[in-house]
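Okay, so here's the structure we're looking at.
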Amino acid sequence: MKLYYSPGACSLSPHIALKEAGLPFDLVRVDLKAKKLEDGSDYTQINPKGQVPALGLDSGDLLTEGAVIVQMIADSAPQKNLAPAAGSTERYKLQEWLNFVASELHKNFSPLFQPVLSDDTKAFFKDRLMGKFKYVDQALKGRDYVMGNHFTVPDAYLFTMLAWADRVGLDISGLLNLVAYKARVAARPKVQEALTAEGLLKAS
C-alpha cells in the first residue's frame, strides 16, 4: 500500500492507523499547494481530488476520504481490534465518532488555515470549535479513549485535530479530560513513530 500524505495534515490519522495495525506501506509525500509529488509528477493524476489522504491499494485501486480509509485499515488487521465488527452496534458508534470528527471538528478547522479570512471570522470558528471540544471533553469522562478503554481508529483522527488546535492557537487547557487524552494518545509508541516519520517529532 501507499499512503499519500502531507506532514501534519489530516493524513496523519490513517498514518497512525497503519502503524497501529502493523500493516506494510510506503509513505508518499505530497506538496498540497503545488499538487506535486517529490519526483515532480502531478498528484491530481493519481487523486483528482488533489487532497490527502489517499491510499493506494495493492490491487491498484485508490481509496480516499480519511474516515473510510481508517476503517479499511482496521478491517485489514482485525486482530488489532482497531474497530468493532462490521454490522455491530459498536461499529455504528465508531462511525458516529468518525463522522463527528470529520464534520464538526475537521471542517470547522479548515477556515482557520485560510490567510484571506479576517480575524473576526476566525474567532467565530474558534468559538464554534471550543463548543465541540467541550462536548468531546465530557464524552471522555471516565474513558481512556473515545470508544472506552481501547484505542480505535477515531482516536487517530481526534488526536490529529488536537494537534491542529495547537497549530491555530486554540487553548484547550481548561478541558482536563481532553488534555489527559491527548497526552495518552501522544505517548503511544506507534503514534510517536508516525509523528517522527512526518518530521513532527524529533527522532530519539
Side-chain angles (χ1 to χ4, degrees), residues 4-17 29-35 49-54 64-71 93-148 151-188 191-192 194-202:
Y4 295 90
Y5 84 106
S6 182
C10 52
S11 47
L12 177 60
S13 169
H15 189 176
I16 291 171
R29 184 167 177 161
V30 179
D31 181 335
L32 289 176
K33 288 184 179 179
K35 308 297 183 188
K49 293 178 180 177
Q51 298 171 315
V52 294
T64 63
E65 303 303 326
V68 175
I69 291 172
V70 294
Q71 290 184 76
K93 289 181 179 179
L94 177 135
Q95 291 174 337
E96 181 181 11
W97 268 110
L98 286 170
N99 197 64
F100 176 84
V101 176
S103 60
E104 301 299 330
L105 296 179
H106 190 165
K107 286 306 175 185
N108 277 312
F109 265 111
S110 298
L112 301 180
F113 295 112
Q114 302 300 323
V116 297
L117 296 184
S118 69
D119 289 343
D120 284 347
T121 301
K122 291 182 178 181
F124 168 82
F125 283 102
K126 284 185 177 182
D127 186 61
R128 176 179 281 185
L129 277 164
M130 281 302 298
K132 306 300 182 184
F133 277 128
K134 286 176 182 177
Y135 163 77
V136 178
D137 183 69
Q138 287 301 306
L140 285 169
K141 189 175 181 178
R143 296 183 177 193
D144 286 343
Y145 301 103
V146 297
M147 292 289 291
F151 181 95
T152 55
V153 288
D155 293 302
Y157 200 177
L158 176 56
F159 176 78
T160 301
M161 295 300 100
L162 290 171
W164 284 12
D166 289 340
R167 287 171 60 184
V168 301
L170 193 65
D171 183 9
I172 62 162
S173 61
L175 303 177
L176 300 185
N177 296 323
L178 204 54
V179 170
Y181 166 86
K182 181 184 176 187
R184 189 178 302 118
V185 177
R188 294 179 66 85
V191 173
Q192 293 192 9
L195 291 171
T196 302
E198 295 196 13
L200 305 172
L201 189 66
K202 289 184 179 179

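Panel note: side chain Ser6, backbone Ala9; no donor-acceptor pair is recorded below 3.5 Å. The main-chain N or O of Gly8 is found under 3.5 Å from a side-chain atom of Trp164 such that the two form a donor-acceptor pair. A donor-acceptor pair under 3.5 Å is absent between the side-chain atoms of Thr121 and the main chain of Leu117, judged by distance alone. For Asn177 (side chain) and Gln138 (main-chain N/O), no donor-acceptor pair under 3.5 Å exists by modelled atom type. Distance alone, capped at 3.5 Å, is enough to place a donor-acceptor pair between the Arg184 side chain and the Asp144 backbone. A donor-acceptor pair under 3.5 Å links the side-chain atoms of Lys35 to the main chain of Leu32, judged by distance alone. Asp155 contributes a side-chain N or O that, together with a main-chain N or O of Val146, makes up a donor-acceptor pair within less than 3.5 Å. Remark: side-chain polar atoms of Arg188 are not paired, donor with acceptor, to backbone N or O of Val191 under 3.5 angstrom. In this structure, Ser11 contributes its side chain and Pro7 its backbone to no donor-acceptor pair below 3.5 Å.
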Audit row: Tyr157, Thr152, side chain to side chain contact (heavy atoms under 4.5 Å, CB included) steps and yes/no
CA-CA 10 Å; Tyr157 200 177; Thr152 55; over 6 Å; no

Could you walk me through whether Glu198 and Leu12 pass side chain to side chain contact (heavy atoms under 4.5 Å, CB included), step by step?
CA-CA 8 Å; Glu198 295 196 13; Leu12 177 60; 3.7 Å; yes

Show the numbers, then the answer: is there a side chain to side chain contact (heavy atoms under 4.5 Å, CB included) between Leu176 and Lys141?
CA-CA 9 Å; Leu176 300 185; Lys141 189 175 181 178; over 6 Å; no

Pair Leu112-Lys126, side chain to side chain contact (heavy atoms under 4.5 Å, CB included): steps then yes or no:
CA-CA 8 Å; Leu112 301 180; Lys126 284 185 177 182; 3.9 Å; yes

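Rounded to the nearest 0.5 angstrom, Gln192 CD and Leu201 CG are separated by 6.0 Å. Considering CZ of Phe133 and CZ of Arg128, their distance stands at 14.0 Å, rounded to 0.5 Å.
Listed here is the closest heavy atom pair of Thr160 and Cys10: CG2-CA, 4.0 Å. Heavy atoms only, all atoms of each residue included: Trp97 and Met147 are closest at CD1-SD, 4.0 Å. Annotation for Leu98 and Ala67: closest pair CD1-O, 3.6 Å, computed over non-hydrogen atoms. Leu170 and Leu129 get closest at one heavy-atom pair: CD2-CB, 4.0 Å.
No side-chain heavy atom of Lys122 sits less than 4.5 Å from a side-chain heavy atom of Pro111. By the 4.5 Å heavy-atom criterion applied to side chains, Glu104 and Asn99 are not counted as neighbours. In this structure, the side chains of Phe109 and Val168 come closer than 4.5 Å at one or more pairs of heavy atoms. Using a 4.5 Å heavy-atom cutoff, the side chains of Phe151 and Ile16 are in contact. Using a 4.5 Å cut-off on side-chain heavy atoms (C-beta onward), Phe113 and Arg167 make contact. Counting only heavy atoms from C-beta outward, the side chains of Gln71 and Leu94 approach each other to under 4.5 Å. Between Val70 and Ser13, the closest side-chain pair of non-hydrogen atoms falls below 4.5 Å.
Between Glu65 and Lys49, at least one side-chain nitrogen of the basic residue sits less than 4.0 Å from a carboxylate oxygen of the acidic one, meeting the salt-bridge criterion. A salt bridge between Asp127 and Lys132 is absent, with no side-chain N of the basic residue lying under 4.0 Å from a carboxylate O of the acidic one.
Taking the six-membered ring for Trp, Phe159 and Tyr181 have ring centres at least 6.0 Å apart.
Using a 30° and 60° split on the angle between ring planes, Tyr135 and Phe100 fall in the tilted class, from 30° to 60°.
Remark: the Ser173 side chain and the Asp171 side chain contain an N/O donor-acceptor pair separated by less than 3.5 Å.
Applying side-chain contact (heavy atoms from CB on, under 4.5 Å) to Leu162 and the options Leu178, Val136, Leu175, Val179 leaves one that passes, Leu178.
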